[in-house]
There are 2 protein chains.
Amino acid sequence: MVSKSCKYAIRATVFIASKAKENIKVGVKEIAEEIEAPEAFTGKILQTLNKNKIVTSLKGPYGGFYSDEAQLDLPILEVVNAIDGLGVFTDCVFGLHQCSDDHPCPMHFEYVKTRSQMYTSFKNTTIRSLAENLNTGLAFLKNPE
Amino acid sequence: MVSKSCKYAIRATVFIASKAKENIKVGVKEIAEEIEAPEAFTGKILQTLNKNKIVTSLKGPYGGFYSDEAQLDLPILEVVNAIDGLGVFTDCVFGLHQCSDDHPCPMHFEYVKTRSQMYTSFKNTTIRSLAENLNTGLAFLKNPE
DNA sequence: TTCACAAAAGATAAATCTATCTTTTAAGTA
DNA sequence: TACTTAAAAGATAGATTTATCTTTTGTGAA
Ligand code: FES
Ligand code: FES
């Protein structure tokens with residue numbers, strides 16, 4: 001569905017967001033450990049997220065990554081967009097160059113249902129709500145043991 | 001969602017199936033042209049589809065690829081399974097090693113809705129029905145112009 | 001202002017996916 | 001049987017994705 005990089009990005013974003021209520025900034029090393037991803041690669045992904053204004057970064061001592069209030073209210077869709085683009089929500093399942101009702105592939109009218117439900121779900125789920133799920137202790141970012 | 005190879009595979013399978021009612025076998029070259037994919041690569045994909053019994057092949061003169069009656073009733077899910085595996089229908093959207101209600105990622109209970117709707121759609125759509133959509137002229141395999 | 005810290009940027013490498021080419025095997029026909 | 005046809009199998013190459021390492025830039029504190 002989404003790339004490995006995008007999964008790392010989602011986990012990193014939600015982790016950073018989960019620290020927002022305490023006004024805590026987190027560094028690449030800590031993030032990489034939490035999301036079980038290689039540190040340098042995590043750095044690259046965070047760079048992209050920062051460029052796309054999904055998270056904010058600050059250099060130097062006491063620096064790190066954090067989410068501001070507006071960023072907490074971004075839909076998780078924006079994380080996918082920043083890393084993979086929106087192709088997953090728009091591409092033809094048969095690989096036709098254009099997906100449209102006027103020149104449909106054989107599965108088009110069935111597939112658009114799936115795809116638009118997917119879009120709605122990612123559009124309506126905010127980073128904040130996912131961070132809250134984490135903070136209540138009812139959801140997890142790390143694999144068990 | 002699915003890989004480029006998988007899209008080629010879906011298109012090839014539906015094209016072959018669309019010829020079944022006339023008992024026509026089609027060769028790699030013709031298939032590759034129809035699905036707008038490189039010929040040699042199409043051959044590799046057809047090899048995999050044949051190994052997984054999604055389509056049948058026959059070597060030699062008057063040979064080629066065709067679908068038998070049982071293959072026409074396979075869900076399109078089986079094509080995805082043969083090429084990409086079922087990961088798209090089972091993997092955690094956050095990349096956790098196991099997706100489960102007991103150790104959910106922060107989006108789990110939302111995402112399983114999307115994923116299971118996707119699964120149902122691919123499980124309930126047969127190769128035959130897609131081939132029929134093509135044969136009625138209401139759907140297309142090739143890009144316009 | 002100097003120093004230490006941490007992210008950004010750039011260059012490089014490994015792994016996977018996509019694509020091509022050559023040789024071998026199987027099937028039908030004369 | 002000899003011959004032609006077409007897919008299978010194997011080897012190789014290119015492109016993209018994932019991952020690593022080094023150097024530069026920006027920030028805060030002493
Ligand atoms: S044309 Fe294929 S999904 Fe719309
Ligand atoms: S645990 Fe992440 S989708 Fe189920």
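Residue numbers begin at 1 in each chain, while the letters A, B, ... track the order of the sequences. As the structure is a prediction and not an experimental result, all values here were calculated from the model.
dA8(C) atom C1' lies 15 Å from atom CG of N52(A), rounded to whole Å. Here the P atom of nucleotide dA6(C) and the OH atom of Y66(A) are 16 Å apart, to the nearest Å. Taking atom CD on E39(B) and atom P on dT20(C), their separation rounds to 10 Å, with Å as the unit. Per the geometry, CD belonging to E30(A) stands 10 Å off P belonging to dA7(C), to the nearest Å. Regarding F65(B), its CZ atom lies at a distance of 9 Å from the C1' atom of dA8(D), rounded to whole Å. Per the geometry, NZ belonging to K7(A) stands 12 Å off P belonging to dA19(D), to the nearest Å. Rounded to an integer number of Å, the gap from D84(A) CG to dT16(D) C1' is 13 Å. The nearest whole Å value for the distance from the CZ atom in F41(A) to the C1' atom in dA14(C) is 12 Å.
Not a single donor-acceptor pair, N or O on each side, falls under 3.5 Å between the base of dA7(C) and the side chain of Q47(A). Side-chain to base pairing of K4(B) with dT18(C): no donor and acceptor N or O lie closer than 3.5 Å to each other.
Which of dA6(D), dG28(C), dA6(C) sits closest to the side chain of K59(B) comes down to dA6(D). Here dT20(D) is the nucleotide among dA7(D), dT20(D), dT4(D) with the atom lying nearest to any side-chain atom of A40(A).
Applying the 4.0 Å criterion to OP1 and OP2 of dA8(C), one finds that N50(A) has a side-chain N or O inside that range. At dA6(D), none of the side-chain N or O atoms of S57(B) fall inside 4.0 Å of OP1 or OP2 (strictly under the cut-off). Remark: K25(B) is not in phosphate contact with dA7(D), judged by side-chain N or O atoms under 4.0 Å from OP1 or OP2. Phosphate proximity of dA19(D) to Y8(A): present, with a side-chain N or O under 4.0 Å from OP1 or OP2.
Y62(A) OH: 12 or fewer foreign heavy atoms inside a 6.0 Å radius. In the displayed structure, E39(B) atom CD is contacted under 6.0 Å by more than 12 heavy atoms of other residues, nucleotides or ligands.
Considering T13(A), I54(A), V14(A), L72(A) as possible partners of S67(A), the one that fulfils the side-chain contact (heavy atoms from CB on, under 4.5 Å) test is L72(A).
V28(B) is listed as a side-chain neighbour of F65(B), based on a closest heavy-atom distance under 4.5 Å.
The hydrophobic cluster containing I10(A) also contains Y119(A), counting ILVMFWY residues as joined when their side-chain heavy atoms lie under 4.5 angstrom apart, directly or transitively.
Among the atoms of the strands shown, base atoms are found under 4.0 Å from some heavy atom of K44(A).
Take the nearest nucleotide of DNA chain D for Y62(A) and for S5(A): the residue whose nucleotide is more 5' is S5(A).
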